[in-house]
Amino acid sequence: MYYVNREQIEHRLHVIPELVQVLESTTALQDKTLIERYAEERSLHLAIEIVTDVGSYLIDGFIMRDASSYEDIVNIMYDEKVIDENLHKIFTELVRMRRPLVQEYFDDCRKGYHELTVQISASLERFSHKVLEYLDKEGIPT
């Protein structure tokens, strides 16, 4: 019998609509103010944390193979058919942004965010749907 903490997974997934709202509003802007830029960066950071936290809950709960990195968490979710190939590709790019966002924030690394930010909003919503679908398929109660 597996112990999957669906409550904690859903708690994290419920943040996604707010992130999508921020990402969509900041992506639409040509010249971002400092606050808008930081809002976008924080939303991307939280998106990374949500994807990897949910992935970790799934890995631990379903006793999947141990992850060796953030990227490996995404790989395991793909291998276990939680996410599809498109989400795998986008989230692999997303988790690779963690280091620049969290540790190298002082460098001018903002140039590559826009293209990925456009894809992230819809991907996060699909991710939420896919995870809940996977939990339902595996018989994990609400």
Side-chain angles (χ1 to χ4, degrees), residues 2-29 31-142:
Y2 298 118
Y3 175 71
V4 179
N5 195 334
R6 186 174 182 138
E7 180 182 347
Q8 285 300 312
I9 291 171
E10 289 180 350
H11 190 66
R12 282 154 178 78
L13 294 176
H14 283 30
V15 177
I16 288 176
E18 291 176 351
L19 293 181
V20 168
Q21 182 181 356
V22 172
L23 289 169
E24 287 177 348
S25 65
T26 57
T27 300
L29 303 171
D31 296 315
K32 295 178 181 76
T33 66
L34 181 64
I35 292 171
E36 292 161 342
R37 194 177 74 222
Y38 280 128
E40 179 180 55
E41 289 176 11
R42 177 63 175 156
S43 295
L44 287 170
H45 177 211
L46 288 175
I48 294 165
E49 298 304 317
I50 289 169
V51 168
T52 57
D53 284 353
V54 168
S56 292
Y57 276 109
L58 293 171
I59 289 166
D60 291 345
F62 287 109
I63 314 169
M64 299 173 182
R65 73 174 172 82
D66 289 336
S68 61
S69 65
Y70 288 103
E71 197 170 326
D72 201 26
I73 292 170
V74 175
N75 291 338
I76 293 168
M77 286 192 294
Y78 175 67
D79 292 344
E80 296 291 334
K81 312 248 186 295
V82 177
I83 60 174
D84 59 32
E85 187 174 352
N86 188 25
L87 287 177
H88 177 256
K89 181 179 179 261
I90 291 168
F91 289 155
T92 298
E93 289 181 52
L94 178 67
V95 297
R96 287 178 181 159
M97 292 174 59
R98 188 176 190 282
R99 185 179 181 108
L101 281 169
V102 176
Q103 296 177 352
E104 299 165 357
Y105 52 87
F106 47 83
D107 287 340
D108 187 21
C109 58
R110 297 177 176 96
K111 293 178 182 99
Y113 292 168
H114 181 74
E115 186 177 318
L116 187 59
T117 303
V118 171
Q119 296 174 334
I120 291 298
S121 296
S123 298
L124 287 171
E125 291 173 333
R126 280 189 37 239
F127 175 69
S128 183
H129 176 75
K130 290 284 211 180
V131 168
L132 294 174
E133 190 177 78
Y134 184 84
L135 292 173
D136 289 342
K137 182 184 82 165
E138 294 296 323
I140 305 301
T142 349

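Below, each value reflects all heavy atoms present in this structure, side chains not excepted, and no hydrogens, waters or symmetry copies.
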- Message: If you define the side chain from C-beta out and look only at heavy atoms, does anything of Y57 sit under 4.5 Å from V4?
- Response: no
- Message: If you apply the rule side chain to side chain contact (heavy atoms under 4.5 Å, CB included), what do you find for L29 with K32, and how did you get there?
- Response: CA-CA 6 Å; L29 303 171; K32 295 178 181 76; 4.2 Å; yes
- Note on the structure: Partner of E49 under salt bridge (Lys or Arg N to Asp or Glu O under 4.0 Å), picked from R98, R12, R42, is R98
- Does any non-hydrogen side-chain atom of F62 lie less than 4.5 Å from one of Y134? yes
- Query: Any idea which heavy atoms bring I48 and M97 closest together, and the distance?
  - Reply: CD1-C, 4.1 Å
- Item | Rounded distance [0.5 Å steps], CG in L58 versus CD1 in I9 | 4.5 Å
- Does any non-hydrogen side-chain atom of K137 lie less than 4.5 Å from one of E133? no
- Message: I need the F91 CZ to I50 CD1 distance, nearest 0.5 Å.
- Response: 10.0 Å
- Message: Do R126 and D84 have side chains that approach each other closer than 4.5 Å (heavy atoms only, starting at C-beta)?
- Response: yes
- Item | Modelled atom types, side-chain donor and acceptor of S43 and E40, under 3.5 Å | no
- Message: So does I90 get a backbone contact from the side chain of E93, meaning a donor-acceptor N/O pair under 3.5 Å?
- Response: no
- Query: Looking at CG of L87 and CD of Q119, how far apart are the two atoms once the value is rounded to the nearest 0.5 Å?
  - Reply: 10.5 Å
- Query: To the nearest 0.5 Å, what is the distance between CG (L94) and OG (S123)?
  - Reply: 9.0 Å
- About how many Å separate CG of L101 and CD of Q103, when rounded to the nearest 0.5 Å? 10.5 Å
- Item | Chi angles and distances behind the side chain to side chain contact (heavy atoms under 4.5 Å, CB included) call for R65, D79 | CA-CA 10 Å; R65 73 174 172 82; D79 292 344; 3.6 Å; yes
- In this structure, are over 12 heavy atoms from other groups packed under 6.0 Å from Q8 atom CD? yes
- What is the distance from atom CD1 of I140 to atom OH of Y3, rounded to the nearest 0.5 Å? 10.5 Å
- Message: Measuring only between side-chain heavy atoms, which start at C-beta, is E10 closer than 4.5 Å to T142?
- Response: yes
- Query: Quick one: does S25's side chain have a donor or acceptor within less than 3.5 Å of a partner on V22's backbone?
  - Reply: yes
- Message: How about CD on E138, more than 12 heavy atoms from neighbouring residues, nucleotides or ligands closer than 6.0 Å, or not?
- Response: yes
- Message: Is there a side-chain contact between T33 and E36 in this structure, where contact means two heavy atoms from C-beta onward sitting under 4.5 Å apart?
- Response: yes
- Task: Identify the two heavy atoms, one from I73 and one from G55, that lie closest to each other, and give their separation to 0.1 Å.
- Result: CG2-CA, 3.7 Å
- Message: Does L124 form a side chain to side chain contact (heavy atoms under 4.5 Å, CB included) with V51? I'd like the steps, not just the answer.
- Response: CA-CA 8 Å; L124 287 171; V51 168; 4.2 Å; yes
- Message: Using only atom types and a distance under 3.5 Å, with no angle test, would you say the side chain of T26 pairs donor to acceptor with the backbone of L23?
- Response: yes
- Query: Ignoring hydrogens and geometry, is there a side-chain-to-backbone donor-acceptor pair from D72 to N75 under 3.5 Å?
  - Reply: no
- Query: Judged by atom type as modelled, is there a donor-acceptor pair below 3.5 Å linking the side chain of H11 to the main-chain atoms of E7?
  - Reply: no
- Task: Determine the minimum heavy-atom distance between A67 and I59, stating which atoms define it.
- Result: CB-CD1, 4.2 Å
- Item | Side-chain touch V20/I120, heavy atoms, less than 4.5 angstrom | no
- Does the salt bridge (Lys or Arg N to Asp or Glu O under 4.0 Å) test come out yes or no for D136 and R6, once each step is laid out? CA-CA 10 Å; D136 289 342; R6 186 174 182 138; 2.9 Å; yes
- Task: Measure the shortest side-chain to side-chain distance between L34 and Y38 over non-hydrogen atoms and say whether it is less than 4.5 angstrom.
- Result: yes
- Note on the structure: Correct closest heavy-atom pair for L13 and S128 would be CB-OG, 3.8 Å
- Query: Closest approach of E125 and I16, non-hydrogen atoms and distance?
  - Reply: N-CG2, 4.1 Å
